[in-house]
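Quick caveat, the model's predicted, so the values are computed rather than measured. Computed over heavy atoms, backbone and side chain alike; hydrogens, waters and symmetry mates excluded.
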Amino acid sequence: MTVHDECKLKFVELKAKRNYRFIIFKIEDQEVVVEKLGSPDETYEDFTESLAANECCYVVYDFDFITDENCQKSKIFFIAWSPDTSKVRSKMVYASSKDRFKRELDGIQVELQATNPSEISLDIIKERALKLFVISPF
């Protein structure tokens with residue numbers, strides 16, 4: 001499994017320049033390639049509607065939110081999308097390649113795995129982002 005150079009380039013552009021709201025990656029001919037780039041003004045709903053109902057993919061999503069202390073923050077999510085309706089072989093290929101691909105993307109802050117839209121609802125994304133700011137009393 002190889003990772004096309006464009007994947008790393010577009011990820012750096014998302015992380016450093018905020019040129020994209022999200023990037024959808026797919027595996028094609030034993031290589032991870034960019035499938036779709038979401039513009040900075042696209043919404044979370046635009047992103048979820050871009051996911052194929054029966055095809056696996058990887059997604060990097062730049063999520064903006066406000067903390068309980070009223071601070072504007074951003075977290076970069078890595079989402080492994082593997083719908084229940086996708087082919088078993090495809091699920092296996094994506095699962096076995098995930099860690100290798102993720103290592104190529106320096107700066108991922110939150111990871112999620114999802115098999116249906118409810119597992120990546122906006123509420124879950126917000127909860128995971130805010131959880132990073134909760135300070136443990138221990």
Does any part of the side chain of [Y], heavy atoms only, come nearer than 4.5 Å to the side chain of [X], both counted from C-beta?
{"X": "Ser86", "Y": "Lys91", "answer": "yes"}
{"X": "Asp41", "Y": "Asp46", "answer": "no"}
{"X": "Ser50", "Y": "Glu35", "answer": "no"}

Might you confirm whether atom [atom1] of [X] has over 12 heavy atoms from other residues, nucleotides or ligands at distances under 6.0 Å?
{"X": "Gln72", "atom1": "CD", "answer": "yes"}
{"X": "Lys8", "atom1": "NZ", "answer": "yes"}
{"X": "Glu42", "atom1": "CD", "answer": "yes"}

Whether the side chain of [X] engages the backbone of [Y] through a donor-acceptor N/O pair (distance < 3.5 Å, no angle test) should be reported.
{"X": "Lys15", "Y": "Asp106", "result": "yes"}
{"X": "Trp81", "Y": "Ala52", "result": "yes"}
{"X": "Glu119", "Y": "Thr115", "result": "yes"}

- Could you walk me through whether Asp62 and Phe22 pass side-chain contact (heavy atoms from CB on, under 4.5 Å), step by step? CA-CA 6 Å; Asp62 185 11; Phe22 62 88; over 6 Å; no
- Tell me, please, which residues at least two apart from Val33 pass side-chain contact (heavy atoms from CB on, under 4.5 Å).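 Applying side-chain contact (heavy atoms from CB on, under 4.5 Å) to Val33 gives His4, Lys26, Glu28, Glu31.
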- Considering residues at least two apart in sequence or located in another chain, which fulfil the side-chain contact (heavy atoms from CB on, under 4.5 Å) criterion with Asn19?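 Glu13, Lys17.
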- Item | Separation between NZ of Lys87 and SG of Cys56, rounded to the nearest 0.5 Å |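 Output value for this atom pair is 11.0 Å.
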- Given Cys57 and Lys36, is the side-chain contact (heavy atoms from CB on, under 4.5 Å) satisfied, shown in steps? CA-CA 11 Å; Cys57 66; Lys36 179 176 180 170; over 6 Å; no
- Query: Between Phe63 and Phe77, how do the two ring planes meet: parallel, tilted or perpendicular, split at 30° and 60°?
  - Reply: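 Because their plane-to-plane angle is over 60°, the rings of Phe63 and Phe77 count as perpendicular.
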- Task: Give the C-alpha distance, both sets of side-chain angles, the deciding distance and a yes or no for side-chain contact (heavy atoms from CB on, under 4.5 Å) between Cys71 and Ile66.
- Result: CA-CA 5 Å; Cys71 295; Ile66 297 175; 6.0 Å; no
- Item | Within one Ile-Leu-Val-Met-Phe-Trp-Tyr cluster: Ile124 and Val110, side-chain cutoff 4.5 Å |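 Different clusters: Ile124 never reaches Val110 through Ile, Leu, Val, Met, Phe, Trp or Tyr contacts under 4.5 Å.
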- Got a sec, which hydrophobics cluster with Ile27, joining ILVMFWY side chains under 4.5 Å apart, including via others?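 Besides Ile27, the hydrophobic cluster comprises Met1, Val3, Phe11, Leu14, Tyr20, Ile23, Phe25, Val32, Val34, Leu37, Tyr58, Val60, Ile76, Phe78, Val93, Tyr94, Phe101, Leu105, Ile108, listed by chain and residue number.
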- Does any donor atom in the side chain of Asp123 or Ser121 lie under 3.5 Å from an acceptor atom in the other side chain?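 Asp123 vs Ser121: no donor-acceptor pair found between side chains.
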- Walk me through it: do Asp64 and Arg21 pass the test salt bridge (charged side-chain N to carboxylate O under 4.0 Å, His left out)? CA-CA 9 Å; Asp64 294 324; Arg21 174 64 54 203; 3.0 Å; yes
- In a check of salt bridge (charged side-chain N to carboxylate O under 4.0 Å, His left out) between Glu111 and each of Arg128, Lys102, Arg103, Lys75, which one passes?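 Exactly one option meets the salt bridge (charged side-chain N to carboxylate O under 4.0 Å, His left out) with Glu111, and it is Lys102.
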- Query: Taking all non-hydrogen atoms of both residues, which atom of Ile125 and which atom of Ile120 are closest, and how far apart?
  - Reply: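 Closest approach of Ile125 to Ile120: CG1-O, 4.0 Å.
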- Item | Nearest heavy-atom neighbours spanning Ala53 and Pro83 |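 Between these two residues, the closest heavy atoms are O-CB, 3.3 Å.
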